[in-house]
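One structure is given here, and the rest of the page talks about it.
Residue numbers begin at 1 in each chain, while the letters A, B, ... track the order of the sequences. Owing to the predicted nature of the structure, the values given are computational and were not obtained by experimental measurement.
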Protein chains: 2
Amino acid sequence: MAKDPVTLQDVADAAGVSIATASRALTGKSRVSKQTTAHVVRVASRLGYRVNVFGRALREGTGRTVGVVVPVISNPFFGQLVHHLEAELLDHGLDLLIADSHGETLREKGRLRMLVERRVEGIIVVPSDAEESAPALQDAARTTPLVQLDRRVEGVAVDYVGVDNSRGMSLLMEHLNSHGVREVVLVASDSTTSAGRERREAYEREATRMGMVMQDPILDEFTLEFGQRAAQQLATRGSMAEAVIAGDDLIATGLVIGLKKAGLSIPEDVLITGFDGTMLANICDPMLTTIEQPFASLARETVRALVRRIADRDAPVMFSRLSPSLRAAASTGGVPAPETENADAEAASS
Amino acid sequence: MAKDPVTLQDVADAAGVSIATASRALTGKSRVSKQTTAHVVRVASRLGYRVNVFGRALREGTGRTVGVVVPVISNPFFGQLVHHLEAELLDHGLDLLIADSHGETLREKGRLRMLVERRVEGIIVVPSDAEESAPALQDAARTTPLVQLDRRVEGVAVDYVGVDNSRGMSLLMEHLNSHGVREVVLVASDSTTSAGRERREAYEREATRMGMVMQDPILDEFTLEFGQRAAQQLATRGSMAEAVIAGDDLIATGLVIGLKKAGLSIPEDVLITGFDGTMLANICDPMLTTIEQPFASLARETVRALVRRIADRDAPVMFSRLSPSLRAAASTGGVPAPETENADAEAASS
DNA sequence: CTGTTAGCGCATTCAT
DNA sequence: ATGAATGCGCTAACAG
């Protein structure tokens, strides 16, 4: 029933041509008469021939595979990213080897090494640490086309594609400013990720520019638990800021949970903003005002960059920033100037 | 700087031994003197030798790779599953090729074919359709060791590992029963997935056994949107059931959002249960009473089954059901009989 | 314990 | 346009 291994030679024999012709007919990379091509193709499919990727890979020096390294695939943000990357790569005939760094640089290093040893055509990586990821990343990039996605490491000349965090934070701050917010506090990741740094810098820049009062920030990591912990901390602090700017949707969601547990109402007592535009933002109650990452575009651009790098190892380093957009929701009181102020309470003011 | 391709022959030459000895020394699969082994290893590492996986794969007929195909990697449930699978496979020296079926059987078929053509050692698949996934799945299983995870297709003799959905639903129903619930309604996936079927059957069996009144179920797919739609439908129905049993956490979360929007309070007006124990259950407000899937165990068991199948293609078909556990939370009023009834309201009853 | 040799399946160069 | 022959890098069978 399952006598699988039908080789190119088998096809050639059955078709009465040489293995060379069979190969040419099937790959279509060289000139073969229409006649024989059709014939060979027919015979091949009749025999159920499938090229042996190992043979081809050995010969060509590469399998059609790229690897991706993310901090945690179970995080919906990375899940969405991978989902789009997979689809995009499929269009290029590339398959995806996935590696999870668990956010640990040591493990990340090991996974990168694995991908290099597997001689993937390219690597897409979301570095887990802005500084400590550098050596392993640079190392991998030396032998394999590599592009950083979403986060990047300090001062290494490696392609990067990500959202414009600075612009995203500006959108958020302008939104809050237009709501009359004067005192804010940041709850975000520490400086171990570039995204964390960039968002924080933009936050401080904008708050300063707008003359807002900044409370001491609380910084740690991009997790739900941290958001909840930070909420407790904020709740026991003397005075609550008017708005809490979270580093991402996960932290924001944790904050919402924690602050509500502490007896605060959102957005009545305090406004909250997220970042990323994941499904969490819509699950949160109230729904999160957040920055939408253009997932599909990010994936497309990343693959484009990788393919370009594969084609030309010496192309100038690409640094691509995509524009994010604001998604205003209930966690900051909704959109700035809607038709109706509020659907339920305090009505009858017309 | 990067004159990469150092082959085994290079190592052999530099070490002054034959290529065979070099190979043996490095793989350790055959007897070589301690002396030469050490020497060869040293030389290899000095030269920065890395085996060429293609050469090895061609020779051995297999690369150390397994493929996984899931409906949607961006769904946190599958994200968690993949996260654990990746870790588990790593322990076995196996790497993971990921494929997303987008829940479409056509695409699923294509992805399975891809994995087979890549000659992966094994395939782990979460079938997207209990019936229509069958042909492609059976086809892939004919040539490649394959195990179904979480969901399975009708009547094909292929290994399966999943949680005991029937038991899970029983736990949920007993929980509701102990809360005095008499009228229930199911909002779940239609019968396109085995998980959906099994949960529904168990639900009906238990409800009947407990003498509960069952309202007409609302069935469609495992998505947040469907949960929200179903909530609207329920809200406009004549009378609300005492408890809504959702097919999974995603639907449950959608229900919570939708029912709250319709002005209902949970658990005061209606109880809600989820299934899976994903992070969503903890993000929901109120937190979801749900069934915890033992992710780590599922992954371990799945890989174990796959490895077993790889070792013995003729081993009897394995059908493994893991026990789930109940996580009682606020969406059903909390745990059945705690010390204190309620922490805030209605106190002072001591 | 070690060396020699033969392919694994394929794409390709060099002839024709 | 086609065929014959070569080698990608590696492991294993077969000598010694």
Side-chain angles (χ1 to χ4, degrees), chain A residues 3-45 47-65 93 116-121 143, chain B residues 3-45 47-65 93 116-121 143:
Chain A
K3 43 144 192 43
D4 216 10
V6 35
T7 74
L8 186 57
Q9 184 67 66
D10 296 337
V11 175
D13 292 349
V17 298
S18 76
I19 185 174
T21 300
S23 173
R24 288 191 271 249
L26 260 14
T27 60
K29 284 185 177 178
S30 189
R31 305 216 149 283
V32 182
S33 82
K34 273 252 189 275
Q35 297 264 345
T36 47
T37 297
H39 181 225
V40 171
V41 169
R42 190 169 307 113
V43 171
S45 94
L47 265 47
Y49 169 76
R50 322 261 59 163
V51 332
N52 181 314
V53 290
F54 301 140
R56 169 182 289 175
L58 178 57
R59 180 62 227 256
E60 305 204 313
T62 171
R64 310 185 175 301
T65 309
V116 169
E117 288 194 11
R118 285 206 164 249
R119 279 147 165 98
V120 292
E121 289 203 31
T143 63
Chain B
K3 42 142 191 47
D4 217 9
V6 34
T7 74
L8 185 58
Q9 184 67 64
D10 296 336
V11 175
D13 292 348
V17 299
S18 77
I19 185 175
T21 300
S23 173
R24 289 191 272 250
L26 261 14
T27 61
K29 285 186 177 177
S30 189
R31 305 214 147 286
V32 181
S33 82
K34 272 254 190 276
Q35 298 265 346
T36 47
T37 298
H39 180 223
V40 171
V41 169
R42 191 168 308 112
V43 171
S45 95
L47 264 48
Y49 169 75
R50 325 260 58 166
V51 323
N52 181 316
V53 289
F54 301 140
R56 169 182 289 174
L58 177 57
R59 181 61 226 249
E60 306 203 311
T62 171
R64 309 183 176 301
T65 309
V116 170
E117 289 194 11
R118 287 208 163 246
R119 267 120 170 130
V120 292
E121 288 204 31
T143 63

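- Residue A:Leu58 is in base contact, counting any heavy-atom pair closer than 4.0 Å across all strands shown.
- Checking the phosphate oxygens (OP1, OP2) of C:dC1, no side-chain nitrogen or oxygen of B:Thr36 falls inside 4.0 Å.
- In this structure, of C:dC10, C:dT12, D:dA12, it is C:dC10 that holds the atom nearest to the side chain of A:Thr7.
- Whole-Å rounding puts the B:Asp10 CG to D:dC8 P distance at 11 Å.
- Rounded to whole Å, the distance from CG on A:Leu8 to C1' on D:dT2 is 14 Å.
- Look at CG on A:Leu26: it is 13 Å from P on C:dT12, rounded to the nearest Å.
- Between the base of D:dG9 and the side chain of A:Arg119 there is no donor-acceptor pair shorter than 3.5 Å.
- Nucleic acid contact class of B:Val53 (heavy atoms, under 4.0 Å, all strands): none.
- Atoms CD (B:Glu60) and P (D:dC10) sit 12 Å apart, rounded to a whole Å.
- Atoms CZ (A:Phe54) and P (D:dG7) sit 24 Å apart, rounded to a whole Å.
- Of the possible donor and acceptor atoms, one in the side chain of A:Asp10 sits under 3.5 Å from a partner among the backbone N and O of A:Thr7.
- Counting any heavy atom pair closer than 4.0 Å across all strands shown, B:Ser33 reaches sugar-phosphate atoms only and no base atom.
- Taking the side chain as every heavy atom from C-beta outward, A:Val116 and B:Arg50 never approach each other to under 4.5 Å.
- When rounded to the nearest whole Å, the span between CZ of A:Arg59 and P of C:dC8 equals 16 Å.
- Proximity note for B:Thr21 (side chain, C-beta onward) versus D:dG9, C:dA11, C:dG3: the nearest is C:dG3.
- Map B:Ala22 and B:Gly55 each onto its nearest nucleotide of DNA chain C; the residue landing nearer the 5' end is B:Ala22.
- Along DNA chain C, the nucleotide closest to B:Ala20 and the one closest to A:Gln9 are compared, and the more 5′ of them pairs with B:Ala20.
- You'll find the side chain of A:Val40 reaches within 4.5 Å of the side chain of A:Val11, heavy atoms only.
- Checking D:dG3, D:dC10, C:dT4 against every side-chain atom of B:Asn52, the shortest atom distance belongs to D:dC10.
- Note: CD1 (A:Ile19) to P (C:dG7) measures 14 Å, nearest angstrom.
- Residues A:Arg119 and B:Phe54 share a closest heavy-atom pair of CB-CE1, 3.8 Å.
- Heavy-atom minimum distance, B:Arg118 versus A:Arg64: NH2-O, 2.6 Å.
- Side-chain atoms of A:Arg24 come within donor-acceptor range of the base of D:dG3, with a qualifying N/O pair under 3.5 Å.
- With rounding to whole Å, A:Tyr49 atom OH is found 10 Å from C:dG9 atom P.
- Each of C:dT2, C:dC10, C:dA11 was ranked by its minimum atom distance to the side chain of A:Thr27; first place goes to C:dA11.
- Taking CZ from B:Arg24 and CD1 from B:Ile19, the interatomic distance works out to 11.0 Å, rounded to the nearest 0.5 Å.
- Not one side-chain nitrogen or oxygen of B:Arg56 sits closer than 4.0 Å to the OP1 or OP2 atom of D:dG9.
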